[in-house]
Amino acid sequence: TDAGDYRKLAAIPLVLVLISLYFITQIELGLEFRGGVLVTLELDREYSGAEISSLIADAGFTEASVRAYELGDLHIAEVEIAHSSEMVGLESSYRSFLDTYDRYSKKQYELLVLKSSNASTPAKEAELESLRQELLSIKDSFSSRYSEVTGRKASLPAGIDALKPAVEAHFSEAMQVYRGGIMSRLQKHISYSSHSFKLISPSLSELFVGKIEWVMLAAAILCSVGVFIMFRDPVPSAAVLIGAACDIIFALGAMGLFG
């Protein structure tokens, strides 16, 4: 029957959806989504993209992408470099320290309030001591990561109260050393007159991705509610939503296929 023939045609978009879903996994995420370093160089002479890529690899950056282009009379190269495992570890320890220190400070304040009212505090004191031990453990991890990035020994105070500003200063110093090391290696292999440097931390990219996921979920829910309110019938509403979802999947699949 004609109806049967129309149902058979549904196989075509289903196949396209499956193909698109495969290519979606091939999409290369930008720097904002995965973290890393973007260095923009104003080159002293013209380089081909392949030549710059080779020089970047010679500089020791195996996980890097290059885009070379001309801007008027200027020769520009944009180099995206993935963070080193040492830098990722340091940044993770730093964020973990800040989070734990905030919890320690709040617990310390709660304990002071309870003591001022002569309330029993053994449980709170045990919790505070547990957080203190956790901070000391993270401090050791941070010191080790700091040494890996900078090649220097960390000099952190033993007391908890003076620890936060010291850790922040050490992290800032490590970032400067990390940046200087990248530019020093590039300068040895590529001739350029000026540069700009942009660094996106892994935790910031994770936060960015998380926010996007929540926005997309909220948009999908609001869109679904709006369509159902408009049609007041589940069949055409579902058809509209499925069609919109397929359009998005096809677009994302094309991004993964063509780059």
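Worth saying up front: this structure is predicted, and the values here are computed from it rather than measured.
- Residues Gln133 and Glu129 form a side-chain contact, since some pair of their non-hydrogen atoms from C-beta on lies under 4.5 Å apart.
- No side-chain heavy atom of Lys124 sits less than 4.5 Å from a side-chain heavy atom of Lys115.
- Criterion: ILVMFWY side-chain heavy atoms under 4.5 Å apart, direct or through other members. Under it, Val88 and Val177 are not part of a common hydrophobic cluster.
- Between the Thr40 side chain and the His195 main chain, no donor and acceptor come within less than 3.5 Å of each other.
- Counting all heavy atoms, side chain and backbone alike, Ala158 lies closest to Leu136 at O-CD2, 4.4 Å.
- Of all non-hydrogen atoms in Ile24 and Gly253, the two that sit nearest each other are CG1-N, 3.7 Å.
- Residue Ser147 holds its OG atom at 12.0 Å from CD of Glu86, rounded to the nearest 0.5 Å.
- Counting heavy atoms from C-beta on, the side chains of Ile190 and Ile56 come closer than 4.5 Å.
- Hydrophobic clustering of Ile, Leu, Val, Met, Phe, Trp and Tyr side chains at less than 4.5 Å, counting indirect connections, unites Val17 with Ile248.
- Contact check for Thr150 versus Glu173: no side-chain heavy atoms found under the 4.5 Å cut-off.
- Put simply, the side chain of Ser116 gets close to the backbone of Val113: a donor and an acceptor are under 3.5 Å apart.
- Side-chain contact check for Ser155 versus His170: some heavy-atom pair is nearer than 4.5 Å.
- For the pair Ser141 (side chain) and Ser137 (backbone), a donor-acceptor distance under 3.5 Å is absent.
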Next item on the list: Give the intermediate values and the outcome of side chain to side chain contact (heavy atoms under 4.5 Å, CB included) for residues Leu252 and Ser20.
Entry: CA-CA 7 Å; Leu252 292 174; Ser20 298; over 6 Å; no

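- The hydrophobic cluster containing Phe250 also contains Leu21, counting ILVMFWY residues as joined when their side-chain heavy atoms lie under 4.5 angstrom apart, directly or transitively.
- Qualifying salt bridge (charged side-chain N to carboxylate O under 4.0 Å, His left out) partners for Glu168, counting only residues two or more places apart in sequence or in other chains: none.
- Counting heavy atoms from C-beta on, the side chains of Asp102 and Lys164 come closer than 4.5 Å.
- Looking at every heavy atom in both residues, Ser93 comes nearest to Arg145 through OG-CG, 3.8 Å.
- A ring-centre distance under 6.0 Å is not found for Phe97 and Phe142.
- Criterion: ILVMFWY side-chain heavy atoms under 4.5 Å apart, direct or through other members. Under it, Leu98 and Met87 are part of a common hydrophobic cluster.
- Scanning for ring-ring contact (aromatic ring centres under 6.0 Å, His included) contacts around Tyr178 gives His83, with sequence neighbours left out.
- In this structure, Ser53 contributes its side chain and Gly49 its backbone to a donor-acceptor pair below 3.5 Å.
- Under the salt bridge (charged side-chain N to carboxylate O under 4.0 Å, His left out) criterion, Lys107 pairs with Glu110, Glu127, sequence neighbours left out.
- Follow the hydrophobic side-chain contacts under 4.5 Å out from Leu199 and you reach Phe171 in the same cluster.
- Sorted by first and then second residue, the ring pair (Phe, Tyr, Trp, His ring centres under 6.0 Å) pairs involving residues 34-61 (not counting sequence neighbours) form an empty list.
- Between Ala162 and Pro157, the shortest heavy-atom distance links the atoms O-CG, 3.4 Å.
- We find the OG-CG distance between Ser194 and Leu41 to be 8.5 Å, quoted to the nearest 0.5 Å.
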Next item on the list: Just do the salt bridge (Lys or Arg N to Asp or Glu O under 4.0 Å) check on Lys198 and Glu78 with the steps written out, would you?
Entry: CA-CA 11 Å; Lys198 179 182 179 181; Glu78 292 184 349; over 6 Å; no

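- For Ser143 (side chain) and Lys139 (main-chain N/O), a donor-acceptor pair under 3.5 Å exists by modelled atom type.
- Residues Ala174 and Val149 come closest through the heavy atom pair O-CG1, 4.0 Å.
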Item checked: Steps toward side chain to side chain contact (heavy atoms under 4.5 Å, CB included) verdict (His75, Asp44) -> CA-CA 7 Å; His75 303 292; Asp44 287 341; over 6 Å; no

Next item on the list: Apply side chain to side chain contact (heavy atoms under 4.5 Å, CB included) to Gln108 and Leu128, showing your working.
Entry: CA-CA 7 Å; Gln108 191 177 42; Leu128 186 66; 4.0 Å; yes

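- Other members of the cluster containing Leu74 are Tyr69, Leu71, Ile76, with ILVMFWY side chains joined at under 4.5 Å, either directly or via other members.
- Crowding of Glu70 atom CD: a count of heavy atoms from other residues, nucleotides or ligands under 6.0 Å exceeding 12.
- When side chains are defined from C-beta on, Ile249 does not count as touching Leu16, because their heavy atoms never get closer than 4.5 Å.
- For the atom pair Ser237 OG and Phe228 CZ, the distance stands at 4.5 Å (nearest 0.5 Å).
- Smallest separation of non-hydrogen atoms from Val39 and Ile182: CG2-CG2, 4.5 Å.
- Counting heavy-atom neighbours within 6.0 Å of Phe197 CZ, excluding the residue itself, gives a total above 12.
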Margin query: Please evaluate residues Leu18 and Val15 with respect to the criterion side chain to side chain contact (heavy atoms under 4.5 Å, CB included), reporting the C-alpha separation (whole Å), side-chain torsions for both, the decisive distance (0.1 Å), and the verdict.
Written below: CA-CA 5 Å; Leu18 293 175; Val15 171; 5.6 Å; no

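- Proximity of Arg103 to Lys106: side-chain heavy atoms (C-beta onward) are nowhere separated by under 4.5 Å.
- Defined by atom type and a distance below 3.5 Å, a donor-acceptor pair is missing between the side-chain atoms of Tyr104 and Glu134.
- The line from CG of Asp99 to CG of Leu135 is 10.0 Å long, rounded to the nearest 0.5 Å.
- With hydrogens and angles disregarded, no donor-acceptor distance shorter than 3.5 Å links the side chain of Ser184 to the backbone of Gly180.
- With sequence neighbours left out, the salt bridge (charged side-chain N to carboxylate O under 4.0 Å, His left out) criterion links Arg45 to Glu51.
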